[in-house]
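Have a look at this one before I ask anything.
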2 protein chains.
Amino acid sequence: MAHRSRKEMIAETRAKLVAAARRAFGTVGYAEASMDDFTASAGLTRGALYHHFGDKKGLLQAVIAEIDAEMFARLKVVSTRADTLWRGFVDECTAYIEMALEPEIQRIVLRDGPAVLGDPSQWPSQSECIRSMTENLQKLRDEGTIVAIDAEAAARVISGASLHAAQWIANSDDPEATSKKAVKAFNVLLDGLLK
Amino acid sequence: MAHRSRKEMIAETRAKLVAAARRAFGTVGYAEASMDDFTASAGLTRGALYHHFGDKKGLLQAVIAEIDAEMFARLKVVSTRADTLWRGFVDECTAYIEMALEPEIQRIVLRDGPAVLGDPSQWPSQSECIRSMTENLQKLRDEGTIVAIDAEAAARVISGASLHAAQWIANSDDPEATSKKAVKAFNVLLDGLLK
DNA sequence: GATAATATCATACGAGGCGTATGTCAATAA
DNA sequence: TTATTGACATACGCCTCGTATGATATTATC
């Protein structure tokens, strides 16, 4: 059946554009990605892009929203399957670092995203991950496991440390060894939270 | 005296280009800065730019190197005038955060720089600040003030936390209140380092 | 079931930015 | 004084982006 309902066709077009852009942004980067090229690779033209996303930045937002939703889902799985809150939180941080090691995330979410869309702490999407972390920290506070600090502040500072550690690891000569050192240092800092 | 030695003329040209680019990059951003425009604002053309810096990226590198040298000098002053090593280190971290609050540094060094030149941990310049922090941590380790961890790893993780905290503060609705919360959370993490 | 209306997407056009190739002029060297 | 080198400007073509316009198919209306 070549023809499905109109809504499905539209959703498919949007999905194809997002997928093509994601591939292009993730490899050559946002600035180097030609709209003519990657829309053509999806069997479309820039006309479709401008119709659905307004401009190149709009498409980047859509790509980031998609990636971020995936990240959020992955974090959720990790944090909920641990047997203690603290353990779940630490696992979540580790998963955060591991995700930030992926080239696509580094390029699109951590480098081009901030440059094009401004500071990530203002994005509606990035807040998802931060909020997840914030909630866990709040519970740990209520539980009495960690010291009394502002949960969101801690979440932001910790995520910053994670992301930075990840980028250092990913771009080092010996990622294996660097990872060990970074995780150790990171855990030492986290211990500062414990009572 | 309109004409000075040739070397001085060249140095002046380079300085004018760097200054003009720094202004443009710091306000409208790297991507939006037109080479024709900001070279003209320095009384020059793109010809001079290509001759001295190769291309637009080369000029960005020069601008970042200049800013980074300034940051390094400021950090050095802060860390050396404290009466204890630990105090100097904490002050240095605070100064780091305060510098990262400045719009020019945020835009050029923290956002556009990484997007255009790749991960900062690979830059020769950024390493200056990290190395300063690493050295201090190493001394603190030798002194027995902090636990035994890899000094560079700790420096990188901490700087990541600082930068992230700074960006959160700078872009928040109430920077004053946010700053208090962030600094408190940050200090809690630092306490994790102490024996 | 025919027509009108609307939305989706393609095509065509103009503007601006980048990089290179070339030219000019001044300063140093011989 | 002349030759040479290097600093910088000018001119050109290519590519990319955004908009305005146009074609086509689907849904709505009667």
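Hydrogens, waters and symmetry mates are skipped; everything else that's a heavy atom, side chains included, is used. Throughout, protein chains are lettered first and strands after them, A, B, ... in sequence-line order, and every chain is numbered starting at 1. None of these values were measured; they are calculated from a predicted model.
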Pairs flagged by salt bridge (Lys or Arg N to Asp or Glu O under 4.0 Å) wherever residues 137-149 of chain B is involved - sequence neighbours left out: none
Taking every non-hydrogen atom, the tightest pair across A:Thr134 and A:Ala155: OG1-CB, 3.5 Å
Salt bridge B:Arg22-B:Glu104, side-chain N to carboxylate O under 4.0 Å: yes
Any side-chain heavy-atom pair of A:Glu152 and A:Arg156 under 4.5 Å: yes
D:dC8 phosphate, OP1 or OP2, under 4.0 Å from B:Thr13 side-chain N/O: yes
Nearest non-hydrogen partners of B:Pro114 and B:Trp123, listed with the distance: N-CZ2, 3.6 Å
A:His51 side-chain N/O to C:dT8 phosphate OP1/OP2 under 4.0 Å: yes
Interface residues of residues 15-36 of chain B with DNA chain C (non-hydrogen, below 4.0 angstrom): B:Ala33, B:Ser34, B:Met35
Over all atoms of both residues, closest heavy-atom pair of A:Ala182 and B:Val157: O-CG2, 4.3 Å
Presence of salt bridge, B:Arg74 and B:Glu102, under 4.0 angstrom: yes
Listing time: all N or O pairs from protein to nucleotides 23-25 of chain C that are below 3.5 Å?
none

Exercise: identify the closest heavy-atom pair between B:Ile10 and B:His52: CG2-CE1, 3.6 Å
Nucleic acid contacts - residues 54-67 of chain A versus DNA chain C, non-hydrogen atoms under 4.0 Å: none
Close side-chain approach of A:Leu117 and A:Ile64, heavy atoms under 4.5 Å: yes
pair A:Asn187-A:Leu190: side-chain heavy atoms closer than 4.5 Å: yes
Bend angle of the helix from C:dG1-D:dC30 to C:dA30-D:dT1, from helix axes over five pairs at each end, nearest 10°: 10°
Separation of atom CZ in B:Phe53 from atom P in D:dC8, rounded to whole Å: 10 Å
cation_pi(B:Arg14, B:Phe53) dist<6.0 Å, angle<=45: yes
Least distance between heavy atoms, B:Leu49 atom then B:Lys56 atom: CD2-N, 4.4 Å
Flag side-chain contact, heavy atom, 4.5 Å: B:Leu85 against B:Thr145: no
For DNA chain D, the residues among residues 41-50 of chain A that have a non-hydrogen atom under 4.0 Å from it: A:Arg46, A:Tyr50
Any side-chain heavy-atom pair of B:Leu59 and B:Phe38 under 4.5 Å: yes
Euclidean distance, atom CZ of residue B:Arg14 to atom P of D:dC8 [Å, nearest integer]: 10 Å
Check: B:Arg131 and B:Glu135 side chains under 4.5 Å, non-hydrogen atoms: yes
